[in-house]
Amino acid sequence: MSTSYSLNLFFLAMRFDMNIQTLIKTTLFYAILFVASVVCIQRIWFVDLFERDVFLNWDAGHYHTIKGEGYHGFRVAFFPLFPMIWRFLSLGTFGISIFNALVFFTSFVALLRNLHIRRTEYVLLYLTVPCFIFFYLPFTESLFFLCSTLIIVGLKNNKDHLVYMGLYVAILCRPAFTVLIPALFITEFLQFRRDNLYFRLGAYTLISLLGILTVGWIQYLDTNEWFKFFSAQKEWGNHLQLPKLPFHSWADGIVLRTDGVALFIGVIAGAFLSALLLKLKWVHNLRPTREVIFSLAYLGGITLSVILFRGGSLFSLNRFVFATPFIIVAIHYWIHQKIQFKAKHLTFIFGLVFLFWLLLGSYVHLQEIIKFGLLSIYVLLLFALQSEKDSINKYSIYVLITINFVFQIFFYLRVLNGEWIG
């Protein structure tokens, strides 16, 4: 009996190690392919691509200034954890980008391990999300991914201390507490985990207050003013206001369409979560887990926040939605639903997606109509993953991986050349 039990444990451990090895090997393969692609393009077309200053475009420049000079002026809108770590490590722009990449890859492997995601196609699908480029730049996204992964793992495994830790550090990364706290409360409400419920709700509130106080104190040391980041957000145009249609972004073209896909996913996440809260009949038999509910609440919440506080401007929504672990949890939950779309269903979905783009002014010109039509095909591939035909499922995921990787490289080169994406 003892020998049989030991053998079972041994083979279980071997299988576990093999799964982790596959996950790590796939991630390493992707990393090498990404670096090789960027280096080859740099050698052929962009000789000065890796100059020091190109890594300081957009938010990276603000974090670099905070790292070197502390807080002053409008930069109090940026939260302190990333520039503090950057200052502590004393790395250059290239070095901190490598550090961010390592933080992301470590968090990514830990997340997929806990979600039991092992298929190579799925690993590559998630790694090639185009907006994941911010994990390889001097931005705060990698640290926020790590903190959010702690919350997700804690929720999934009922390890409250991981949730508390992740929440506190996430608040030091960026002003996301306005979304994270409601998302946690909604998760508790829908899951009805009664043991220590009020303790957890109180802990979420106290930890949020502690995080806000910590940010305020760090900024006070430089500015002699408490909670200046609230007024600084208004200077960036973030205040409660009616949205103006059509939705727009800081740049048109591909940036607007990328934000549009984020808007589409955020709306779906919010609609599904609302159906769960209202206990509608068509979701009655669904039992999403805590980490899924939390991820949907974040995606829907951040989308609603951008709509309500930016007057119809979607700038950075794609970064808030896609450069997070929540998009992985949500898509993986979708892929594993027992749905089989027929051709007529996919055609109907294409029509609905195409109509959705009217909110972004897709009707203004024939060229825009064509481009948004192509974007509709891309979004349709996500639904084709649930096709009744296995061949369509298979080819859809391969096409998605290919398209994602191409645009990921394109977006990375675009940011390094000083053009906005996220």
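Predicted model only: the values in this text are computed from it and were never measured.
- Residue F94 places its CZ atom among 12 or fewer non-hydrogen atoms of other residues, nucleotides or ligands, all under 6.0 Å distant.
- When side chains are defined from C-beta on, L81 does not count as touching T140, because their heavy atoms never get closer than 4.5 Å.
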What do the steps show when you test Y63 against F139 for ring pair (Phe, Tyr, Trp, His ring centres under 6.0 Å), and what is the final call?
-> CA-CA 8 Å; Y63 287 121; F139 280 60; 7.0 Å; no
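- Side-chain contact check for Q191 versus L155: every heavy-atom pair is 4.5 Å or farther apart.
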Show the atom names and distances, to 0.1 Å, of all donor-acceptor pairs under 3.5 Å that link a side chain in residues 127-137 to residues at least two apart or in another chain.
from, atom 1, to, atom 2, distance (Å)
T128, OG1, L124, O, 2.7
T128, OG1, L125, O, 3.2
Y136, OH, Y30, OH, 2.8

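- Separation of atoms NE2 (H365) and NZ (K371) is listed at 9.5 Å; rounding is to 0.5 Å.
- Side-chain contact between V267 and F356 is present, with at least one heavy-atom pair separated by less than 4.5 Å.
- Put simply, NE2 on H345 and OG1 on T347 are 10.0 Å apart, with the number rounded to the nearest 0.5 Å.
- For CH2 of W217, the number of neighbouring non-hydrogen atoms (other residues, nucleotides, ligands) closer than 6.0 Å is 12 at most.
- Of all heavy-atom pairs between S107 and V103, the closest is OG-O, 2.7 Å.
- Side-chain N or O atoms of T324 include one that pairs as donor or acceptor with a backbone N or O of V321 at under 3.5 Å.
- Looking at S316, S313, S249 one by one, the single match for side-chain hydrogen bond (donor to acceptor under 3.5 Å, both in side chains) with D259 turns out to be S249.
- In the displayed structure, K156 atom NZ is contacted under 6.0 Å by more than 12 heavy atoms of other residues, nucleotides or ligands.
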Show me the side-chain donor-acceptor pairs of residues 32-39 shorter than 3.5 Å, one per line, residues at least two apart or across chains.
from, atom 1, to, atom 2, distance (Å)
S37, OG, L33, O, 2.7

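- Taking a cutoff of 4.0 Å between a charged side-chain nitrogen and a carboxylate oxygen, R257 and E368 qualify as a salt bridge.
- Between K394 and E121 no salt bridge is recorded (no basic side-chain N to carboxylate O distance below 4.0 Å).
- In this structure, Q219 contributes its side chain and V76 its backbone to a donor-acceptor pair below 3.5 Å.
- Checked by atom type and distance alone, the side chain of R200 pairs as donor or acceptor with a backbone atom of D195 at under 3.5 Å.
- In this structure, CG on L240 lies 13.5 Å from CZ on R310, to the nearest 0.5 angstrom.
- Here H332 and Y122 bring their ring centres to under 6.0 angstrom of each other.
- The CD1 atom of I117 sits 13.5 Å away from the CZ atom of R113 when rounded to the nearest 0.5 Å.
- Side-chain atoms of T149 never come within 3.5 Å of backbone atoms of L111 as a donor-acceptor pair (strictly under, hydrogens ignored).
- Under the side chain to side chain contact (heavy atoms under 4.5 Å, CB included) rule, L375 has a single partner from L360, L380, V261, I254, which is V261.
- Closest approach of A384 and N393 over heavy atoms only: O-OD1, 2.9 Å.
- The aromatic rings of F227 and F229 sit perpendicular to each other, their planes meeting at more than 60°, with 30° as the lower class boundary.
- In terms of heavy atoms, G373 sits closest to F350 at O-CE1, 3.8 Å.
- Remark: the backbone N or O of H239 is paired with a side-chain donor or acceptor of Q241 at under 3.5 angstrom.
- Taking the six-membered ring for Trp and thresholds of 30 and 60 degrees, F410 and F407 have ring planes more than 60 degrees apart, a perpendicular arrangement.
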Please step through side-chain contact (heavy atoms from CB on, under 4.5 Å) for the pair R290 and N158, ending with a clear verdict.
-> CA-CA 9 Å; R290 300 177 78 206; N158 292 325; 3.0 Å; yes
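- Taking the six-membered ring where the residue is Trp, Y333 and F272 present tilted rings, their angle falling between 30° and 60°.
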Carefully, step by step, assess W334 and I339 under the rule side-chain contact (heavy atoms from CB on, under 4.5 Å).
-> CA-CA 9 Å; W334 160 251; I339 303 173; 3.5 Å; yes
Output, in order, the C-alpha distance, side-chain angles, deciding distance and verdict of side-chain hydrogen bond (donor to acceptor under 3.5 Å, both in side chains) for Y378 and N404.
-> CA-CA 10 Å; Y378 171 80; N404 281 350; 2.6 Å; yes
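- In this structure, the side chain of Q386 engages the main chain of I335 through a donor-acceptor pair within 3.5 Å.
- In this structure, the side chains of L172 and F79 stay at 4.5 Å or more apart for every pair of heavy atoms.
- Here L206 contributes atom CG and Y164 contributes atom OH; the two are 10.0 Å apart, rounded to the nearest 0.5 Å.
- Between E141 and R174, at least one side-chain N (NZ, or NE/NH1/NH2) sits under 4.0 Å from a carboxylate O, which counts as a salt bridge.
- Between D222 and G70 the shortest heavy-atom distance is OD2-CA, 3.4 Å.
- For Y168 and S208, the side-chain atoms include no donor-acceptor pair closer than 3.5 Å.
- Y363 has its side chain within reach of L358: a pair of non-hydrogen atoms, C-beta onward, lies under 4.5 Å apart.
- Ring geometry, F108 versus F104: the interplanar angle falls from 30° to 60°, so the pair is classed tilted.
- Between F74 and H62, the ring center distance clears the sub-6.0 Å criterion.
- The number of heavy atoms from other shown groups lying within 6.0 Å of CG (L374) is above 12.
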Candidate pair T205 and L201, rule side-chain contact (heavy atoms from CB on, under 4.5 Å), full reasoning = CA-CA 6 Å; T205 304; L201 295 179; 5.6 Å; no
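- Counting only heavy atoms from C-beta outward, the side chains of L150 and V169 never approach each other to under 4.5 Å.
- Not a single donor-acceptor pair under 3.5 Å links the side chain of W86 to the backbone N or O of H64.
- Minimum interatomic distance between A101 and S142 (heavy atoms only, all atoms of both residues): N-OG, 4.4 Å.
- Checking side-chain atoms of S387 against main-chain N and O of F383 turns up no donor-acceptor pair under 3.5 Å.
- Contact annotation: the side chain of I98 never approaches that of L91 to less than 4.5 Å [non-hydrogen atoms, C-beta and beyond].
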Residue pair T258, F411: steps toward the side-chain contact (heavy atoms from CB on, under 4.5 Å) verdict | CA-CA 11 Å; T258 307; F411 283 177; 3.6 Å; yes
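- Taking 4.5 Å as the limit, some side-chain heavy atom of I96 sits within range of a side-chain heavy atom of F99.
- Nearest heavy-atom pair, W357 versus S376, reported as atom, atom and distance to 0.1 Å: NE1-OG, 2.8 Å.
- Although no hydrogens or angles enter the test, the distance criterion places a donor-acceptor pair under 3.5 Å between the side chain of N57 and the main chain of V415.
- Atom OH of Y126 and atom CD1 of I401 lie 10.0 Å apart (nearest 0.5 Å).
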Donor-acceptor pairs under 3.5 Å, side chain of residues 292-308 to any protein atom, not counting sequence neighbours: which ones?
from, atom 1, to, atom 2, distance (Å)
S295, OG, E291, O, 2.8
Y298, OH, F320, O, 3.0
T303, OG1, L299, O, 2.8

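- The pair R319-D59 meets the salt-bridge criterion, with a side-chain N (NZ, NE, NH1 or NH2) lying under 4.0 Å from an Asp/Glu carboxylate O.
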